[in-house]
Amino acid sequence: MLAQALRSVVPTAEELRADRQYIIDGTLLPCWSWTAVPGLWSGKHRTTGVVVQVAATLEGQLSWISDPTPGSRHDLHCLDQSGALDHLATYPPIGDKGYIGRGMLTPFKKQPGRELLDWQKTFNKSLNRTRATIERVIAHIKSWKVLHTDYRRPYATFKTTISAVIGLIFYALT
């Protein structure tokens with residue numbers, strides 16, 4: 001009931017403003033390893049959980065959290081599923097190297113056998129300083145114990161619980 005009551009305060013991807021620039025990153029919300037749900041295993045994090053995408057303004061204001069997707073999925077797939085990029089045409093969002101190829105501002109990758117040029121290193125350093133904002137926003141979100149410890153209740157209740165917590169986070173911001 002709490003998740004339904006707070007649904008109106010949780011912004012959707014369509015509500016992201018096209019005239020703002022956002023920083024986007026994904027994070028894993030850990031959960032217990034249910035044998036009936038093998039897609040929760042994240043090889044990157046070496047644990048089970050669900051992935052959410054988080055968008056914040058350059059000033060560090062939380063703007064959007066996606067619906068959870070299985071932890072085995074890549075951040076880029078989860079962002080594509082959310083449809084958030086469809087509404088951000090004016091200013092390209094900022095992301096990490098995992099989002100290369102989607103029209104976002106991302107750091108340059110070092111090619112095998114080649115070094116980055118000095119201006120590319122400077123660009124990467126500047127972009128990563130800006131990206132530190134989203135890392136702080138995610139750390140603040142994960143200060144909620146249910147979002148950083150293993151969720152052990154039945155899997156059928158997991159998505160509703162996450163939705164309720166996200167609703168509480170946005171309610172606290174209003």
Side-chain angles (χ1 to χ4, degrees), residues 2-29 42 44-45 49-109 116-117 119-144 146-148 158-174:
L2 188 58
Q4 289 176 352
L6 294 171
R7 188 173 296 154
S8 64
V9 298
V10 177
T12 63
E14 294 82 22
E15 294 176 51
L16 290 173
R17 294 177 37 192
D19 63 341
R20 302 266 340 234
Q21 187 165 32
Y22 295 98
I23 310 167
I24 297 176
D25 201 4
T27 189
L28 184 84
L29 306 178
S42 170
K44 175 183 172 185
H45 297 281
V50 295
V51 176
V52 293
Q53 299 299 303
V54 179
T57 64
L58 296 176
E59 296 81 24
Q61 170 144 9
L62 177 64
S63 301
W64 169 75
I65 301 176
S66 72
D67 290 331
T69 54
S72 63
R73 302 310 304 232
H74 191 276
D75 283 345
L76 195 53
H77 171 81
C78 301
L79 186 60
D80 288 344
Q81 290 275 47
S82 72
L85 292 179
D86 300 341
H87 308 285
L88 303 176
T90 308
Y91 298 104
I94 297 170
D96 60 20
K97 292 178 188 171
Y99 298 103
I100 289 177
R102 289 300 190 271
M104 297 174 65
L105 288 176
T106 58
F108 288 97
K109 272 189 174 180
L116 291 177
L117 301 173
W119 71 268
Q120 291 172 321
K121 290 178 184 177
T122 303
F123 177 83
N124 284 358
K125 188 181 288 187
S126 175
L127 196 64
N128 288 334
R129 281 189 186 134
T130 304
R131 282 195 62 261
T133 303
I134 192 71
E135 302 300 341
R136 286 190 297 272
V137 169
I138 289 173
H140 178 70
I141 290 168
K142 285 191 159 187
S143 68
W144 290 67
V146 70
L147 298 181
H148 74 88
F158 191 43
K159 187 171 181 177
T160 306
T161 302
I162 296 302
S163 297
V165 172
I166 290 171
L168 288 170
I169 289 169
F170 279 104
Y171 182 75
L173 293 174
T174 57

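This is a predicted model, so every value here is computed, not measured. Residues take their numbers from the sequence shown, with the count starting at 1.
How far CD1 of Ile24 is from OG of Ser63: 9.5 Å, rounded to the nearest 0.5 Å. From Tyr99, atom OH reaches atom CG of Leu105 across 14.0 Å, with rounding to the nearest 0.5 Å. Taken from CG in Asp25 to CD1 in Ile138, the straight-line distance is 4.5 Å, to the nearest 0.5 Å. The distance from atom OG1 of Thr161 to atom CG of Leu29, rounded to the nearest 0.5 Å, is 11.5 Å. Note: Arg131 CZ to Asn128 CG = 6.0 Å, rounded to the nearest 0.5 Å.
Screening Ile134, Ile23, Thr133 for a side chain to side chain contact (heavy atoms under 4.5 Å, CB included) with Leu58, the sole residue that qualifies is Ile23. In summary, of the residues considered (Asp67, Ile166, Leu168), a side chain to side chain contact (heavy atoms under 4.5 Å, CB included) with Val10 occurs for Ile166 alone.
Counting only heavy atoms from C-beta outward, the side chains of Ile65 and Gln53 never approach each other to under 4.5 Å. Counting heavy atoms from C-beta on, the side chains of Val54 and Leu62 come closer than 4.5 Å. Counting heavy atoms from C-beta on, the side chains of Thr106 and Lys97 never come closer than 4.5 Å. When side chains are defined from C-beta on, Asp80 does not count as touching His77, because their heavy atoms never get closer than 4.5 Å. Residues Tyr22 and Arg20 have side chains in contact (heavy-atom distance under 4.5 Å, counting atoms from C-beta outward). Side-chain atoms of Lys44 and Asp75, non-hydrogen and from C-beta on, do get closer than 4.5 Å to each other. Taking 4.5 Å as the limit, some side-chain heavy atom of Phe170 sits within range of a side-chain heavy atom of Pro11. Side-chain contact between Val51 and Arg73 is absent, with no heavy-atom pair separated by less than 4.5 Å.
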- What do the steps show when you test Ile94 against Met104 for side chain to side chain contact (heavy atoms under 4.5 Å, CB included), and what is the final call? CA-CA 6 Å; Ile94 297 170; Met104 297 174 65; over 6 Å; no

- Kindly determine whether Val50 and Leu28 satisfy side chain to side chain contact (heavy atoms under 4.5 Å, CB included), including the steps that lead there. CA-CA 6 Å; Val50 295; Leu28 184 84; 5.9 Å; no

- Could you walk me through whether Lys142 and Thr27 pass the side chain to side chain contact (heavy atoms under 4.5 Å, CB included) test, one step at a time? CA-CA 9 Å; Lys142 285 191 159 187; Thr27 189; 2.9 Å; yes

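Scanning both residues, Leu76 and His74, for their nearest heavy atoms gives N-ND1, 2.9 Å. The minimum heavy-atom distance between Ile100 and Pro107, with the atom names listed, is CD1-O, 3.9 Å. A pairwise comparison of heavy atoms in Leu85 and Arg102 identifies CD1-CB, 3.8 Å as the closest pair. Listed here is the closest heavy atom pair of Leu127 and Gly95: CD2-O, 4.5 Å. Scanning both residues, Gly103 and Pro92, for their nearest heavy atoms gives O-CB, 3.3 Å.
The backbone N or O of Lys159 sits less than 3.5 Å from a side-chain atom of Ser163, completing a donor-acceptor pair. One N or O on the side chain of Asn124 and one on the backbone of Phe108 form a donor-acceptor pair closer than 3.5 Å.
Applying the side-chain contact (heavy atoms from CB on, under 4.5 Å) rule to Gln61 yields the partners Thr57; only residues at least two apart in sequence or on another chain are considered.
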